[in-house]
Each structure stands twice: as structure tokens, then as C-alpha cells.
Asks: 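Here you go, one structure.
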Amino acid sequence: MVTSQTADVVVVGNGVLGLSVAVEIALRAPKTRVAVVGPTGRPMAATAAAGAMLNCFGEVTRYTDRHPVTRARFALAREALDAWPGWMETLADLAGPAVGKALRASYRTGTFVLLGARSGHVAADNFEAMRAAAERYDEPYELLGAADVDGLAPRPDARPLRVLHLHREGAVDARAVLAALEAAASRLGVRLVSGTVRELLAGAGAVRGVRLDGDGDTLTAGTVVLAAGAAGSALAETVLPPGAVPPMLFGTGASLLVQRTTTSGPGARQVMRTPNRAATCGLHVVPMADDGHQYIGATNVITTEPITGAELGSCHSLMRQVCEQFDHDLAFARVQRLMVGARPVPLDCFPLLGPCSLSGLVFATGTYRDGFHCSPALAPRLAATVLDPAVQDTDLQWFTPERMPIAVLTPDEALTDTVDHAVDTMSEQGMQLPFWVDGTPLREWVRRRIERLHEELGQPLALAPELIYPQFLAPKSTDSSCAATRLRRYLDAARTHYAPRLDAPARVSC
Ligand SMILES: Cc1cc2nc3c(=O)[nH]c(=O)nc-3n(C[C@H](O)[C@H](O)[C@H](O)COP(=O)(O)OP(=O)(O)OC[C@H]3O[C@@H](n4cnc5c(N)ncnc54)[C@H](O)[C@@H]3O)c2cc1C
């Protein structure tokens, strides 16, 4: 039998963003009836697979200071860096003694960023951009030698050339945060509904609620917060016109939870990571609570369609690199769990945040690879928007969900950068050319493939290098012609939707 229930606010999605927004709303307006809908077990949720590094400066790349939109995103990450210690305490108090204790125990500060001998130009540029940003914003840091890093034991040919220590940046256990958010939400009277939303409901220019899978039960509400991670744009399409919102891609990431053996020593005591590298995120080891457990992350394979599970090849590469570049003794650690989640990656790589033209619908998604870290900066802002729709948060205006994809690079710049990323990735993965061959033929091969993609799309497009890599340069991973067809369909729809407001062709980049 189909049932219908009512709430003031329905949050679609039970990841870190959905739950944090729900807790913030309940804290600010205890009488508001809030329901969070999401499947038990969270299959393929990004939050559940995340290393939960709380990195702001550690995520800086050569693009961070390039454009007002990249600076706006960085400003939110800095705000989150300041907010985490207080937010962690609030959450631990709200969650109750046992869950709060586990959360506090998992929180640690200190991040070593390692520029390894096998890094390419992209990683080296990102490392230098990180150091320059720390300097400019007076962020405490030190440049150290490899011998200063506790637990670092790489192969001799993979020792770091440079080490940057970020004192305030660290990590927390994502699973402990989820448990604390759920406990806090329940104690604050938020209803946690186990289920999956099939479609959003709308009428007369306003959102009306959601319909669930299964019997088609409905939850009516005047406000719906869309926090369904990578599934967000498919749900948005049930009520918004095609092309209105940049499509969400799926940044599938695998990570491992391992237990060190007693003979292999304690290993890393603080986060160890590389800068974000060519075509992927940084390699990292995160020590968990002091019982020998460590988190190893992460792969990043971006596709236009969801995939389940992780490629053996990318997992193999992750395991090999972490042992060779960080700690050989990790080869003896026991794998306890393989975790896989899909990062929500909008086509232009910028988040989708805040209200849209459908009254009552608020987006809280598209955070790609730092949504965990940014959650204490985003949740209060989004809660304020939900509780008072007249509030216009100017710091979020770049991220308005209804937009043409944001352009940071020109298509030519993106093409050159993608070639750099591709060649760096191949050498970081161990490629060695004979001495009489330089990289030119490889660069030409990558360039030709991207130009062919532009032909298929009917226009040059400044896609971020990491979006190109798996789909169009490693075509056995995905069906690249289907991906191109999907992109072209979206671009046609977006041009039609925004035609009256456009005076330039679409250019997207990250
Ligand atoms: C391997 C990996 C490592 C990462 N490491 C870091 C890191 O170190 N630091 C960092 O800041 N970020 C990291 N990230 C990114 C971070 O995890 C994300 O930015 C963030 O967790 C996104 O949170 P979310 O709540 O928007 O999405 P999700 O966590 O994906 O949550 C969305 C939820 O919505 C639910 N859902 C989906 N469809 C529906 C539906 N139809 N109805 C109801 N519910 C639905 C899903 O089950 C899921 O629980 C990492 C991601 C991955 C995959």
C-alpha cells in the first residue's frame, strides 16, 4: 500500500553532506521537521570510502589561484580548516559518550606532503603552488627532509625530493563521523528514513516532495535538499529541464583499510600524501585510531555512467605505489576491507550548491574530492539558505547549480595540460622509454586522441585532464564513444537551454 508522510524539509542522501545539513538545520531550528532519506549501507557512497583527509592547502594545485571560481572554492576550504576542531567537538558532544569518544580518538592533525622522486612536472608544480599558498596565507608549514618523516620507508629510487609539513591539516575516520552524524541527527529529532528516492515531485514552480522506490511511498515537503552525491543530477533531471545543470560524472575511487603486523612497526603517525598528481588524486596513507589500522587511498576513475566495484588494475597500481613510495612494510599489512565509492564530479569540477529556479529545491552536492573536508563550511551556509530562502549567500554564487559549465582554461590550454598529465601519469606508473626515444611520439598520440574527441563533440572543449584520461585514453576501461555521445547530447541541451543568455560557445574546464 502506498503511504504518504509529511516533513518540512526532506534531505535526499545520507552521506556527509546530507547528514551535516540535517544536523545544522535541527540545531538552528529545533521545531523544523527534518527527514533524511538514504539507503542503509550506502552502496557506492563517496563518504563511506573516503580517507577523510582534512586538507585545504594539501589540495592546492597550479589551478587554485588561477580564476575567481577556483579562489572561491579555496576560500571555502580555508573556512572548513578553521571550523573542523570546533565542529568535531560539537558533533562528539551531540552524538553521546561512546560514539563521541570514537570520533575524538580518530581525529588527528599533521600532514606530510611528499614530492617523490618519481613525480612528474604536474605534481612538482602542484607542490610549489601549495608551498606558495601556505606562505601567502600565513599557514604554518615547514620544509623538511625525508628523515624527518616518521614511518617513511620507501624504495631508494622513490624517496621524496621535497617534504612539506602542514601542521593544522590532518584526518578523521569517515566511518566514525558518519556514526556521529547519525547519532546526533537522531538525538536532535531528525527522522532517518531507510530507502531510495525514485523521483522528486514538483508542481506550480515549486518542489513538493519525493517519491521513494519500492511501493512508491511519498514524503511531501516544501523544501528538498538534494544531497545524493553522484546520483544527484539524475534526480535533478526529474524536475529541471535538460541541460539546466552540468551533468554529474562518477569519480570511482577504491581505498583499503589494512592492519599492520606487530613486526612491521607503527608506520605513519600522521597523514602522508603526495600532491594531487597527474590525472588523479594524491596517493595517501592515513593512520587510524592507535591500533595499527591504516587507510590507503585512493584510485580515481572518472566515467559518465556509474560503475560498480573498482578495476583490478587501478587497485594493483595503488597497492604497488603505496609500498614503493611510502612504506615497504605495508606489503606485510593485512587487508581488512576494500572500500569503493563514487565521488560526485560535475562536468566542470565545481560543486553544485544552493537554491535553483524550482522554489524549495536546494542543491548540496558535486564536491568531488574534498567534500568531506568542506562539509563544516558548507552545511551551515546551506542550512541558512534552507531556513530563510531570502538569504543570498554571495560566497556560493559561483556554484549556483543552474549554469553553463564554468571555464577556467581555454581549450588550447586544456589540451596542452592534458598531454602533460598523460605523459606524467605514464612515467609515474613506471613507463620507461629506450634512450633514443623522447616523449614526442607519446605527446602526439595523446594530442590526436583529444582532437578526435573534439571532432566527435563538434567543438573544442576545455575538459579537465583527469576527465579525459580514463574515458578517452584508456578506452578499455569505458566505452569512450558512448561517453562522447552523452557529452554531446548534454552540450546541445545546455546550449538550447541557455541560448538566449549566451554570447560565446561553451568552454569547460577544471
Ligand atoms: C576513495 C575516496 C577518497 C576520498 N577522500 C577524501 C578525503 O580524503 N577528503 C575529502 O574531503 N574528501 C574525500 N573524498 C571525497 C568525499 O568523499 C566527497 O566529496 C563527499 O563525501 C561527498 O559527500 P556527499 O554526501 O555529497 O556524497 P556521498 O557520500 O556519495 O553520499 C550520497 C548519499 O546519497 C545516497 N543516495 C544516492 N542516491 C540516492 C537516492 N536516489 N535516494 C536517496 N539517497 C541516495 C547514497 O547512498 C549516499 O549515501 C573521497 C572520495 C572517495 C571516493
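Note that ligands are numbered from 1 as they come in the structure, with each ligand's atoms numbered from 1 the same way. Note that this is a predicted model, so its numbers are computed, not measured.
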Asks: Using a 3.5 Å cut-off on N or O atoms only, is V197 in polar contact with ligand 1?
Replies: yes
Asks: What distance separates W398 CH2 from D348 CG, expressed to the nearest 0.5 Å?
Replies: 10.5 Å
Asks: Atom 45 (C) of ligand 1: which protein heavy atom is closest, and how many Å away?
Replies: P39 CD, 3.9 Å
Asks: Between the main-chain N or O of V16 and the side-chain N or O of T47, is there a donor-acceptor pair closer than 3.5 Å?
Replies: yes
Asks: Could you tell me if any non-hydrogen atom of A230 lies under 4.0 Å from any atom of ligand 1?
Replies: no
Asks: Hey, which atoms in ligand 1 end up nearer than 4.0 Å to a heavy atom of V16?
Replies: 21 (O), 23 (O), 25 (O)
Asks: Please list the nearest protein heavy atom to atom 12 (N) of ligand 1 with its residue and the distance rounded to 0.1 Å.
Replies: R369 O, 3.0 Å
Asks: Against ligand 1, does Y295 come closer than 4.0 Å with any heavy atom?
Replies: yes
Asks: Run the numbers for me: atoms of ligand 1, each under 4.0 Å from some heavy atom of H373, listed by number.
Replies: 10 (C), 11 (O)
Asks: Keeping S119 on the side-chain end and L115 on the backbone end, is there a donor-acceptor pair under 3.5 Å?
Replies: no
Asks: Nearest heavy atom to atom 27 (O) of ligand 1: which of A342, G229, C374 does it belong to?
Replies: G229
Asks: Based purely on interatomic distance, does N14 place a nitrogen or oxygen under 3.5 Å from a nitrogen or oxygen of ligand 1?
Replies: yes
Asks: Given A77, A45, A234, which has its nearest heavy atom closest to atom 48 (C) of ligand 1?
Replies: A45
Asks: Could you tell me, atom by atom, which parts of ligand 1 come under 4.0 Å of a heavy atom of G15?
Replies: 25 (O), 29 (O), 31 (O), 33 (C), 49 (O)
Asks: Can a salt bridge be assigned to the pair R381 and E79 using a cut-off of 4.0 Å between side-chain N and carboxylate O?
Replies: yes
Asks: How long is the span from the CE atom in M288 to the CG atom in D173, to the nearest 0.5 Å?
Replies: 3.5 Å
Asks: Does any N or O atom in G371 lie less than 3.5 angstrom from one in ligand 1, N or O only?
Replies: yes
Asks: Going by the atom numbers of ligand 1, which of them fall below 4.0 Å from some non-hydrogen atom of R42?
Replies: 47 (O), 49 (O)
Asks: Could you identify the single nearest non-hydrogen protein atom to atom 2 (C) of ligand 1 and state the distance to 0.1 Å?
Replies: R343 NH2, 3.5 Å
Asks: Starting from atom 43 (C) of ligand 1, which protein heavy atom do you reach first, and at what distance in Å?
Replies: V37 O, 3.5 Å
Asks: In terms of residue, atom name and distance, what is the protein heavy atom nearest to atom 22 (C) of ligand 1?
Replies: T367 OG1, 3.5 Å
Asks: Assert yes or no for the condition that the ring centre distance of H284 to F326 is strictly below 6.0 Å.
Replies: no
Asks: Please report which non-hydrogen protein atom sits nearest to atom 25 (O) of ligand 1, along with the residue it belongs to and the distance in Å to one decimal place.
Replies: L17 N, 3.1 Å
Asks: Which residue and atom name correspond to the protein heavy atom nearest atom 50 (C) of ligand 1, and how close is it?
Replies: A50 CB, 3.7 Å
Asks: With atom 24 (P) of ligand 1 as the reference point, say which of T47, L318, L212 has the nearest heavy atom.
Replies: T47
Asks: Salt bridge or not for D217 and R211, using N-O below 4.0 Å?
Replies: no
Asks: Please determine if R108 and E169 form a salt bridge, counting it only when a charged side-chain N lies under 4.0 Å from a carboxylate O.
Replies: no
Asks: Counting from 1, what ligand 1 atoms have a heavy atom of A298 closer than 4.0 Å?
Replies: 1 (C)
Asks: Check L235 against ligand 1 and report side chain, backbone, both or neither, counting heavy atoms closer than 4.0 Å.
Replies: side chain
Asks: Would you mind listing which atoms of ligand 1 come within a distance below 4.0 Å of any non-hydrogen atom of G38?
Replies: 43 (C), 44 (N)
Asks: Tell me whether R343 contacts the main-chain N or O of G251 through its side chain, where contact means a donor paired with an acceptor under 3.5 Å.
Replies: yes
Asks: Below 3.5 Å, N or O to N or O, backbone or side chain included: is there any such pair between H284 and ligand 1?
Replies: no
Asks: Using only heavy-atom distances, determine whether the side chains of N276 and E59 contain a donor-acceptor pair under 3.5 Å.
Replies: yes
Asks: Is the closest N or O pair between S255 and ligand 1 shorter than 3.5 Å?
Replies: no
Asks: Check ligand 1 against D370 and write out every atom of the ligand that is under 4.0 Å from a heavy-atom position of the residue.
Replies: 10 (C), 11 (O), 12 (N)
Asks: Which one of G297, G13, G341 has a non-hydrogen atom at the shortest distance from atom 53 (C) of ligand 1?
Replies: G341
Asks: Taking the six-membered ring where the residue is Trp, are the ring centres of F74 and F57 under 6.0 Å apart?
Replies: yes
Asks: Is a donor on one side and an acceptor on the other found under 3.5 Å between the side chain of T218 and the backbone of T220?
Replies: no
Asks: With atoms numbered from 1 as shown, which atoms in ligand 1 lie under 4.0 angstrom from a non-hydrogen atom of V12?
Replies: 42 (N), 43 (C)
Asks: Could you find the nearest protein heavy atom to atom 15 (C) of ligand 1 and give me its residue, atom name and distance?
Replies: Y368 O, 3.2 Å
